[in-house]
Amino acid sequence: MLSENEGASPLHGLCAPREVVHYHREGSRTDSAMLLPAETPVALVYNGIAHGVMMCSAADLEDFAIGFSLSEGIIDGLHDIHDIERVDGCQGIELQITLANRCVHRLKEKKRTLAGRTGCGICGSESLEQVVRTLPSLPDSQRFEVTLIDKVLDALRPLQLLGQSTGATHAAVHVDGEGNILAIREDVGRHIALDKLVGHLCRSGRRDGAILVTSRASFEMVQKCASAGVEILLAISAATGLAVERAEQTGLTLVGFCRPGRAEIYSGRQRILLE
């Protein structure tokens, strides 16, 4: 498995300064350096088979490899991955993932062309069945007080190191039933930030609490959470119609417009405890 860079800055390699001109409406201007997020091509290679290239923030890539594999239905669990090796090249990063043999046949049925997208992995699927997969219904074991959303939002901003530095990334966070943030993953792509968090949860074995994403709740975001066995998805922006439909099909609780003092509960209302 991959090793972390001990002692490195948490933003090392994730952003870089660029000279920009700041224009202000009153007519003044200043020249200064801003931090811009880096987009790194990350190739996913399974058992020597090139699967796709995603544009990512080059951090937490082991979590990304695991989370993407799980949410795309390539694996059923962490036990299906034997090894992950990172190979750095001049053009980007290659993640060489060794799967259990039983998963290789499944992988070959998911032929894709994913080159060059800051995306979700769904673009390039060759059939509708590959996109809308059959998933088991989620259990009904979690409850979350709606007032805790404010607590999560207050605690979130200081933890978004990449987002605060660049203003151009998304975050996905895991919160427990008391509204404490247990883990955060950031990326230039909202789907990839969620994949990274799903990978972390897969490694930790936790499915409790809720996931909050700093984006809208689209269909694939719902499917990724359901694939990970997470029962509650909170989104800062709205949900799409297909996201709500998919949430109802899987039994997931979907909440959008999570803002201070506000929340819109689309599905699974029994898990959200009101005042």
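Everything quoted here is computed from the prediction, not taken from an experiment.
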Asker: Show the numbers, then the answer: is there a side-chain contact (heavy atoms from CB on, under 4.5 Å) between Lys151 and Asn180?
Answerer: CA-CA 8 Å; Lys151 176 181 178 180; Asn180 301 306; 3.1 Å; yes
Asker: Are the side chains of His51 and Ile49 in touch, meaning some heavy atoms are under 4.5 Å apart?
Answerer: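 Result no, sub-4.5 Å side-chain heavy-atom pair not found.
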Asker: What do the steps show when you test Val175 against Leu148 for side-chain contact (heavy atoms from CB on, under 4.5 Å), and what is the final call?
Answerer: CA-CA 10 Å; Val175 300; Leu148 292 177; over 6 Å; no
Asker: Is a side-chain donor or acceptor of Asp150 paired with a backbone partner of Gly261 at a separation under 3.5 angstrom?
Answerer: yes
Asker: First locate atom CG of Leu14, then atom CG of Leu161, and finally report the distance between them rounded to the nearest 0.5 Å.
Answerer: 10.0 Å
Asker: So do the side chains of Ile149 and Phe144 get within less than 4.5 Å of each other, counting heavy atoms only?
Answerer: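 The answer is yes, as the side chains (C-beta and beyond) meet within the 4.5 Å cut-off.
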Asker: So, Ser69 side chain and Ile74 main chain: donor-acceptor pair closer than 3.5 Å or not?
Answerer: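 No, Ser69 side chain to Ile74 backbone: no donor-acceptor pair under 3.5 Å.
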Asker: Minimum heavy-atom separation for Ala235 and Ser215, please, with both atom names.
Answerer: CB-O, 3.4 Å
Asker: Mark yes or no for whether His170, through its side chain, and Gly189, through its backbone, hold a donor-acceptor pair below 3.5 Å.
Answerer: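 Absent.
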Asker: If you draw a 6.0 Å radius around CZ in Arg269, do more than 12 non-hydrogen atoms from other residues or ligands fall strictly inside?
Answerer: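 No, CZ of Arg269 has 12 or fewer neighbouring heavy atoms, counting only those of other groups under 6.0 Å.
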Asker: Hey, is the main chain of Leu197 close enough, under 3.5 Å, to the side chain of Asp63 for a donor-acceptor pair?
Answerer: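 Not at all, since once roles are kept as given, no pair shorter than 3.5 Å links the two residues.
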Asker: Step by step, would you call Ser71 with His191 a side-chain contact (heavy atoms from CB on, under 4.5 Å)?
Answerer: CA-CA 10 Å; Ser71 62; His191 304 94; over 6 Å; no
Asker: At their closest point, which heavy atom of Ile84 faces which heavy atom of Ala65, and how far apart are they?
Answerer: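 Shortest heavy-atom contact: CD1-CB, 4.0 Å.
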Asker: How about CZ on Arg143, more than 12 heavy atoms from neighbouring residues, nucleotides or ligands closer than 6.0 Å, or not?
Answerer: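 Counting other residues, nucleotides and ligands, CZ of Arg143 exceeds 12 neighbours.
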Asker: Determine, using the 4.5 Å side-chain heavy-atom cutoff (strictly less than), whether Phe257 and Leu274 are members of one ILVMFWY cluster.
Answerer: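 Looking at the clustering, Leu274 is in a separate group from Phe257.
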Asker: Would one find more than 12 heavy atoms of other residues, nucleotides or ligands at under 6.0 Å from atom CG of Asn101?
Answerer: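 It does not: Asn101 CG has 12 such atoms or fewer within range.
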Asker: Quick one, Phe64 and Asp187 - any side-chain contact, counting heavy atoms below 4.5 Å?
Answerer: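 No, side chains not in contact.
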Asker: Counting distance only, does the side-chain N/O of Gln142 pair as donor-acceptor with the main-chain N or O of Gly177 below 3.5 Å?
Answerer: no
Asker: If Ile, Leu, Val, Met, Phe, Trp and Tyr residues are connected whenever their side-chain heavy atoms lie under 4.5 Å apart, and connections chain through other members, are Leu212 and Leu182 in the same group?
Answerer: no
Asker: Using a 3.5 Å distance criterion without hydrogens, assess whether the side chain of Ser57 forms a donor-acceptor pair with backbone atoms of Ala59.
Answerer: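 Absent.
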Asker: What pairs meet the side chain to side chain donor-acceptor pair (under 3.5 Å) rule with one or both residues in residues 89-99, with sequence neighbours excluded?
Answerer: Glu94-Gln96
Asker: Under the 3.5 angstrom rule, does the side chain of Thr253 hit a backbone N or O of Ile232 as a donor-acceptor pair?
Answerer: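 Between the backbone of Ile232 and the side chain of Thr253 there is no qualifying donor-acceptor contact (under 3.5 Å).
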Asker: Between OG of Ser165 and CG of Leu11, what distance do you get to the nearest 0.5 Å?
Answerer: 4.5 Å
Asker: Does the salt bridge (charged side-chain N to carboxylate O under 4.0 Å, His left out) test come out yes or no for Arg106 and Asp76, once each step is laid out?
Answerer: CA-CA 11 Å; Arg106 185 188 308 179; Asp76 296 322; 3.1 Å; yes
Asker: If you apply the rule salt bridge (charged side-chain N to carboxylate O under 4.0 Å, His left out), what do you find for Arg185 with Asp195, and how did you get there?
Answerer: CA-CA 9 Å; Arg185 294 293 183 268; Asp195 275 333; over 6 Å; no
Asker: Is it the case that one hydrophobic cluster holds both Val188 and Val173, taking links as side-chain heavy atoms less than 4.5 Å apart, direct or via other members?
Answerer: no
Asker: For Arg18, I'd like to know if atom CZ has over 12 heavy atoms of other residues, nucleotides or ligands within 6.0 Å.
Answerer: no
Asker: Does Ala228 offer a backbone N or O that forms a donor-acceptor pair with the side chain of Arg207 under 3.5 Å?
Answerer: yes
Asker: Any Lys/Arg nitrogen of Lys196 or Asp60 sitting under 4.0 Å from an Asp/Glu carboxylate oxygen of the other?
Answerer: no
Asker: Could you grab the distance from atom OG of Ser218 to atom NZ of Lys224, nearest 0.5 Å is fine?
Answerer: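 It comes to 9.0 Å.
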Asker: Which pair of heavy atoms, one from Ala247 and one from Ser267, lies closest together, and at what distance?
Answerer: CB-OG, 3.3 Å
Asker: Using side-chain contact (heavy atoms from CB on, under 4.5 Å) as the criterion, point out the one residue from Leu135, Val244, Leu252, Leu242 that pairs with Val222.
Answerer: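 It is Leu252, the one option of Leu135, Val244, Leu252, Leu242 that forms the side-chain contact (heavy atoms from CB on, under 4.5 Å) with Val222.
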Asker: Please examine the side chains of Met34 and Pro17, heavy atoms only from C-beta on, and report whether any two atoms are closer than 4.5 Å.
Answerer: no
Asker: Heavy atoms, side chains only, cut-off 4.5 Å: are Ser237 and Arg259 in contact?
Answerer: yes
Asker: Quick check: does any side chain N or O of Thr169 sit under 3.5 Å from a backbone N or O of Gly163, one acting as donor and the other as acceptor?
Answerer: yes
Asker: Working to the nearest 0.5 Å, report the span between CZ of Arg246 and OG1 of Thr240.
Answerer: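 Between Arg246 CZ and Thr240 OG1, I get 12.0 Å after rounding to 0.5 Å.
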Asker: Within the 4.5 Å heavy-atom criterion, are Val146 and Leu273 side-chain neighbours or not?
Answerer: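 Counting from C-beta outward, Val146 and Leu273 never come under 4.5 Å.
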Asker: Could you walk me through whether Ser141 and Glu231 pass the side chain to side chain donor-acceptor pair (under 3.5 Å) test, one step at a time?
Answerer: CA-CA 8 Å; Ser141 64; Glu231 299 177 27; 2.5 Å; yes
Asker: Does any non-hydrogen side-chain atom of Leu201 lie less than 4.5 Å from one of Ile211?
Answerer: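 Touching, per the 4.5 Å side-chain cut-off.
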Asker: Atom CD1 in Ile236, atom CG in Leu234: separation rounded to 0.5 Å?
Answerer: 9.5 Å
Asker: Do Leu70 and Met54 land in one hydrophobic cluster if side-chain heavy atoms of ILVMFWY residues count as linked below 4.5 Å?
Answerer: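 Cluster IDs for Leu70 and Met54 match.
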Asker: Of the non-hydrogen atoms in Leu159 and Ile184, which two are nearest, and what is the gap between them?
Answerer: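 Minimum heavy-atom separation between Leu159 and Ile184: O-CD1, 3.7 Å.
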Asker: One pair to check against side-chain contact (heavy atoms from CB on, under 4.5 Å): Arg190 and Val213. What are the steps and the verdict?
Answerer: CA-CA 8 Å; Arg190 60 193 176 96; Val213 294; over 6 Å; no
Asker: Determine whether more than 12 heavy atoms belonging to other residues, nucleotides or ligands lie under 6.0 Å from atom CZ of Arg216.
Answerer: no
Asker: Give, for atom CZ of Arg203 and atom CD1 of Ile66, the distance between the pair rounded to the nearest 0.5 Å.
Answerer: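 Result: 5.0 Å between the selected atoms.
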Asker: With a 3.5 Å distance limit and no angle check, can you tell me whether His174 reaches the backbone of Val198 through a side-chain donor-acceptor pair?
Answerer: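 Here the side-chain-to-backbone pair does not exist.
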